[in-house]
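Let me begin by presenting the structure, written as structure tokens, before commenting on it.
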Amino acid sequence: MPDNDLPMLEGVQYRASVGSTMDEVRQQALAGAPEFSILLAETQTAGRGRRNKLWHSAPASGLYFTVLLRPQVALSKLGLLPLLVGAVMARSIKENTGIETQLKWSNDLLTLDGRKLCGILLETRIEAGTAAFVLLGIGINVRCQDFPPELNAAALEEFAPVNRKNLLKTCIANLKIAYQKFLENSEFALQSWKSHANNLGREVTILEPNGNSWIGVALDLDPSGALLVQTTSGIKTVYAAEISLRNSLTPLGQAPLDVA
């Protein structure tokens, strides 16, 4: 597959290299750029994921882009956007390449063997109690490359040929449709994510930002998108944590739960 399969796409700004597409689009948003302004870069020198982790952005090897949104919804619903976007990316990859993927809470897109294919970063600017704008940063690993081992990453091209321009067009088209459905009914984001989830009804390890670690069973999502986890002492609500599946599919010595 040639490296030049990302010619200019209508409605998408293109840069050969930037520090971070999030930083670039943030400045555009502050200057009044319209909703669905999109910036795509062939490489990022300071790309980042959640908790300021480095996002590996090798030149001409992925899709690294940021989308500007200006959603008129309650602040409590904004946390659903990464769930929605994760589901959109899973659907778009399947439609465009035939590759099956799975979603890990809250928004990492994985191969079926558990390696990371796509990450999503959300940044919200709040003004006067409402969202002035939302930035959605999306990174999809397309080309095979030497990922640092600690990333446990994979590339789409390991499984099927991929044309980056065609995949990008599919992602954007599907995102616009799904976003409109979300604005009409935020429940759409929850159902979309659940249709691709890999951990509901399964035993998981929860690693909290403060370093605490515990085990439970991922039951469901609450209306805000937080993860509801069954423990021996009751149901806990998880708003931010690293989640990993455990080997056992039978939770806490009980029969598997029906979460359909």
Quick check: do [X] and [Y] have side-chain heavy atoms less than 4.5 Å from each other?
X      : Y      : result
Lys104 : Glu242 : yes
Leu200 : Leu219 : no
Leu168 : Leu40  : yes
Val73  : Leu78  : yes
Asn141 : Phe147 : yes
Ile140 : Leu117 : no
Arg70  : Val134 : no
Asp222 : Thr237 : yes

task: List for me each residue that meets side chain to side chain contact (heavy atoms under 4.5 Å, CB included) alongside Glu100, sequence neighbours excluded, and say none if there are none.
output: Lys94, Leu112

query: Can you name the residues that form a side chain to side chain contact (heavy atoms under 4.5 Å, CB included) with Ser244, not counting sequence neighbours?
result: Thr205

Salt bridge (charged side-chain N to carboxylate O under 4.0 Å, His left out) partners of [range], not counting sequence neighbours, each pair once:
range            : answer
residues 190-201 : Lys194-Asp220
residues 71-82   : none
residues 126-138 : Arg125-Glu127

Quick check for you: to the nearest 0.5 Å, what is the distance between [X] atom [atom1] and [Y] atom [atom2]?
X      : Y      : atom1 : atom2 : answer
Leu84  : Ser186 : CG    : OG    : 10.5 Å
Trp105 : Ile243 : CH2   : CD1   : 5.5 Å
Asp108 : Ile120 : CG    : CD1   : 8.0 Å
Ile93  : Thr101 : CD1   : OG1   : 5.5 Å
Ile38  : Gln13  : CD1   : CD    : 9.0 Å
Ser106 : Leu83  : OG    : CG    : 6.0 Å

Without swapping roles, check the side chain of [X] against the backbone of [Y] for a donor-acceptor pair under 3.5 Å.
X      : Y      : value
Ser37  : Ala33  : no
Ser192 : Leu190 : no
Asn199 : Arg202 : no

For Thr66, side chain to side chain donor-acceptor pair (under 3.5 Å) partners two or more places apart: Thr21

field: side chain to side chain donor-acceptor pair (under 3.5 Å) partners of Thr111, counting only residues at least two apart
entry: Asp113

Is [Y] reachable from [X] through a run of hydrophobic residues whose side-chain heavy atoms are each under 4.5 Å from the next?
X      : Y      : answer
Leu167 : Leu136 : yes
Phe159 : Leu110 : no
Tyr239 : Leu207 : no

Distance-only side-chain donor-acceptor flag, Glu42 / Tyr64, under 3.5 Å: no

field: Given Val67, Leu121, Leu39, Leu68, the one that forms side-chain contact (heavy atoms from CB on, under 4.5 Å) with Leu135
entry: Leu68

Listed pairs under 3.5 Å, donor-acceptor, residues 171-183 side chains, sequence neighbours left out:
from: Asn174; atom 1: ND2; to: Ser92; atom 2: OG; distance (Å): 3.0
from: Asn174; atom 1: ND2; to: Glu95; atom 2: OE1; distance (Å): 3.2
from: Tyr179; atom 1: OH; to: Glu35; atom 2: OE2; distance (Å): 2.6
from: Gln180; atom 1: NE2; to: Glu184; atom 2: OE2; distance (Å): 3.3

By salt bridge (charged side-chain N to carboxylate O under 4.0 Å, His left out) - contacts of [X] (at least two apart):
X      : answer
Glu150 : none
Glu187 : none
Glu158 : Arg115

message: Please give me the minimum heavy-atom distance between Ile138 and Cys118, naming the atom from each residue.
response: CG2-SG, 4.2 Å

- request: Can you run down the ring-ring contact (aromatic ring centres under 6.0 Å, His included) pairs that involve residues 217-237, sequence neighbours left out, and say none if there aren't any?
  value: none

